[in-house]
Amino acid sequence: MTQKQSRQYNLRSGLVLYPAQQEAIEDLLTGLAQNTPAHFILLADVTGQVISTRGGQNSKNTVALGSLVAGDLAASHEIARLTGQYQDNQMVLREGQSTHTFIGEAGHHLALLVQVSTETPLGWARMVIKKAARQLAEIAAEAPPEQQCRPPAEALPAEENLPDLFSDALDDLWQE
Amino acid sequence: MFINWQLRELNLKVVYYGPALSGKTTNLEQIHAKVDPRRRGELVSLKTAEDRTLYFDFLQLELGKISGLTPKIHLYTVPGQSYYEASSKLVLRGADGVVFVADSGANRTTDNLESWENMKAHLTSLNLPADIPLVVQFNKRDLPNAMPAPLLRNILHVNGQPTFESVAVRGQGVFDTLKAIINGVVKNVQREMT
């Protein structure tokens, strides 16, 4: 293993998920979808970048939903803060005609949306979702052991001139 | 910034900030119109009944594979009206780079300055790095009362950040601004990874 391969990245801001963490998240979301049971689950980081979904992918614009879930959660936080009601791990429930929607934080980095049938007891759904949110926060907070942390060797862009590569990619994107 | 090594995704967030009606949403509309539809998402806009930005506009760009990574760029605008200042701050959260869109009109100096100062205050209160990539766009250069760019630079105390002149409604300067902010953000990414 080279020094570069064994390194963990210490970014000044944001979130890094390693394969072992992603796999743990996928397992947890699968369990959550079954246990709740949930129609649809979306997990994003707090800036709206989608990490994973369960159910309903074909009929939903998950990219747009990610940004809206993050925005909704941020607004809820700020409302709670301004009214003196802020606490960690808050959750918002929207009761619908056929579906209830929970939007909550899972630690400081993740936002979780879960939709359940109105036939699902609310207390049960809330308990299962809160537990899952706590576990997701733990997964995101703890980098796995170093052997599992190793990013793929071919995904290390340090020696490339990344800005030039991005500039070329943007040129390809633009249609005059 | 969010890196997912399992999916080899590099997700970056750029926020367009500036006073009301300076052209932030127009920048995103032009990008949406000019980018290959297969490489961008829908333009999401949360607007008031008067067609003004209420919370944010959002657009995702996908750049394809670069050096083994799949970069996704998330572009956001903030509401420019001071009434929605609290929302503007929320949108800045987690930004990797900021484009400040100034209105070149001579009658908008106070609005530009106020928005610039608010942006700086929000960046500080959100604990975003002091050297966060920042690009300044002087928009509406076609206005008859447009102030000279050097004067705008002085008024805002632009300190070494790249500046671009634009007429966003005609698409002029929009791409150059986008490229410059992505360049700044990616340089930061590379610095943090090495």
Side-chain angles (χ1 to χ4, degrees), chain A residues 4 7 9-23 25-26 44-51 61 63-68 70-71 74-75 77-78 82 109 149-176, chain B residues 1-13 31 33-36 39-42 44 46 55-56 58 60-69 71-74 76 86-87 89-91 93-96 127-129 171 175 178-179 182-190 192-194:
Chain A
K4 192 197 294 177
R7 177 186 59 226
Y9 295 119
N10 295 309
L11 304 177
R12 291 178 299 176
S13 62
L15 170 68
V16 179
L17 284 182
Y18 294 97
Q21 289 169 294
Q22 179 76 25
E23 284 162 20
I25 285 171
E26 297 296 345
D45 87 329
V46 288
T47 67
Q49 291 148 354
V50 176
I51 294 169
N61 182 341
V63 172
L65 268 175
S67 71
L68 294 169
H77 275 178
E78 198 62 7
L82 290 172
H109 289 296
C149 288
R150 213 155 31 107
E154 64 272 32
L156 292 168
E159 289 172 6
E160 307 267 8
N161 191 346
L162 267 193
D164 286 347
L165 295 174
F166 271 73
S167 180
D168 292 345
L170 280 168
D171 286 337
D172 289 343
L173 215 62
W174 203 254
Q175 300 176 327
E176 282 296 349
Chain B
M1 186 188 315
F2 165 43
I3 302 175
N4 187 324
W5 284 119
Q6 176 86 332
L7 305 175
R8 299 181 188 182
E9 278 182 2
L10 171 64
N11 297 277
L12 301 169
K13 176 176 179 178
I31 294 167
K34 297 278 171 59
V35 164
D36 180 346
R39 309 283 290 280
R40 52 116 172 112
E42 280 178 36
V44 177
L46 302 183
Y55 194 175
F56 58 76
F58 165 77
Q60 176 178 279
L61 304 180
E62 296 183 11
L63 300 190
K65 270 221 175 328
I66 297 179
S67 194
L69 292 173
K72 292 182 178 174
I73 314 287
H74 285 198
Y76 284 85
S87 305
K89 180 181 169 183
L90 295 178
V91 178
R93 193 164 80 158
D96 298 299
N127 292 321
L128 287 166
F175 186 50
L178 176 67
K179 278 185 84 170
I182 299 298
N183 185 274
V185 168
V186 172
K187 277 181 179 165
N188 254 11
V189 169
Q190 194 161 32
E192 291 188 32
M193 286 181 161
T194 51

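Throughout, a chain's letter reflects where its sequence line sits, starting with A, and its residues are numbered from 1. This one's a predicted model, so the numbers in the text were calculated from it and none came from an experiment.
- With a threshold of 4.5 angstrom between heavy atoms, A:Asp172 does not approach chain B through any atom at all.
- The shortest side-chain heavy-atom distance between A:Phe166 and B:Val189 does not fall under the 4.5 Å cut-off.
- Of all heavy-atom pairs between B:Phe56 and A:Leu68, the closest is CZ-CD2, 4.0 Å.
- With B:Asn4 as the fixed residue, the side chain to side chain donor-acceptor pair (under 3.5 Å) test singles out one of A:Gln22, A:Gln49, A:Gln21: A:Gln22.
- B:Phe175 touches chain A through backbone and side chain together, each having a heavy atom under 4.5 Å away.
- Residues B:Arg93 and A:Val46 form a side-chain contact, since some pair of their non-hydrogen atoms from C-beta on lies under 4.5 Å apart.
- Here the CD-CG distance, from B:Glu62 to A:Leu173, works out to 9.5 Å after rounding to the nearest 0.5 Å.
- Within 6.0 Å of the NZ atom in B:Lys187, the count of heavy atoms belonging to other residues, nucleotides or ligands does not exceed 12.
- Of the two parts of A:His109, neither the backbone nor the side chain holds a non-hydrogen atom closer than 4.5 Å to a non-hydrogen atom of chain B.
- Closest approach of A:Gly71 to B:Tyr55, counting heavy atoms only: O-OH, 2.6 Å.
- When all heavy atoms of A:Thr47 and B:Gly94 are compared, the closest pair comes out as CG2-CA, 3.7 Å.
- What you find for A:Pro163 and B:Val186 is that their closest heavy atoms are N-CG1, 3.7 Å.
- Residues B:Val44 and A:Ala64 come closest through the heavy atom pair CG2-CB, 3.4 Å.
- If you run side-chain contact (heavy atoms from CB on, under 4.5 Å) between A:Leu170 and each of B:Val35, B:Ile182, B:Ile73, only B:Ile182 comes through.
- Here the options are A:Val50, A:Ile51, A:Val16, the test is side-chain contact (heavy atoms from CB on, under 4.5 Å), and the partner is B:Phe2; only A:Ile51 passes.
- By number of non-hydrogen pairs under 4.5 angstrom with chain A, the leading residue of B:Arg39, B:Lys89, B:Glu9 is B:Arg39.
- Residue B:Ile31 touches chain A through both its backbone and its side chain, counting heavy-atom pairs closer than 4.5 Å.
- Atom CG of A:Asp164 sits about 11.0 Å away from atom CD1 of B:Ile66, to the nearest 0.5 Å.
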